[in-house]
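Data first, discussion second: the structure below is written as structure tokens.
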Amino acid sequence: MEQFKTTEDLRDSIKRLSKWFARPIVEGEHPTLHINPNSTNREVVNGIQRDDYVFSGCGNWIIPSAEHGLSFSGHWQHLKGIHRMKSKRNPGQRIHVYWVLGIGKG
């Protein structure tokens with residue numbers, strides 16, 4: 001496992017990868033779910049923030065949608081901006097970056 005001392009070290013390492021998507025998360029939070037219902041002021045259903053997806057009428061299913069879902073950064077400048085925003089909104093807390101190194105079509 002490689003440890004990065006700065007975000008610049010991370011950027012240089014990511015440049016060597018072909019295609020990636022990243023998501024900055026405040027330490028202690030889950031990268032895709034809202035485990036703590038108090039972590040958001042929006043409605044959460046089984047860890048899924050309702051505004052992030054389109055739910056079926058009964059609320060038991062998520063309907064596929066090109067306009068909804070979690071956001072991942074695909075460019076260094078966007079990732080840097082989101083990281084900065086999360087840092088400002090959560091002073092004194094570490095921000096972790098999770099990434100997907102490739103997305104297959106299937």
Checklist entry - So if you build clusters from Ile, Leu, Val, Met, Phe, Trp, Tyr with side-chain heavy-atom gaps below 4.5 Å, do Met85 and Val26 land together? => result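 Cluster IDs for Met85 and Val26 differ.
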Nearest atoms (heavy-atom pairs only) where [X] meets [Y]:
| X | Y | result |
| --- | --- | --- |
| Pro91 | Lys88 | CD-O, 3.6 Å |
| Val45 | Arg50 | CG2-NH2, 3.6 Å |
| Lys86 | Pro24 | CE-O, 3.4 Å |

When rounded to the nearest 0.5 angstrom, what is the spacing between [atom1] in [X] and [atom2] in [Y]?
| X | Y | atom1 | atom2 | result |
| --- | --- | --- | --- | --- |
| Asn90 | Glu27 | CG | CD | 11.0 Å |
| Ile25 | His83 | CD1 | NE2 | 11.0 Å |
| Phe55 | Ile63 | CZ | CD1 | 10.0 Å |

Checklist entry - Should Val54 and Ile62 be marked as a side-chain contact (heavy atoms from CB on, under 4.5 Å) after you check the CA-CA gap, both sets of side-chain angles, and the distance that decides it? => result CA-CA 6 Å; Val54 177; Ile62 293 176; 5.9 Å; no
Checklist entry - Has His78 got more than 12 heavy atoms of other residues, nucleotides or ligands less than 6.0 Å from its NE2? => result no
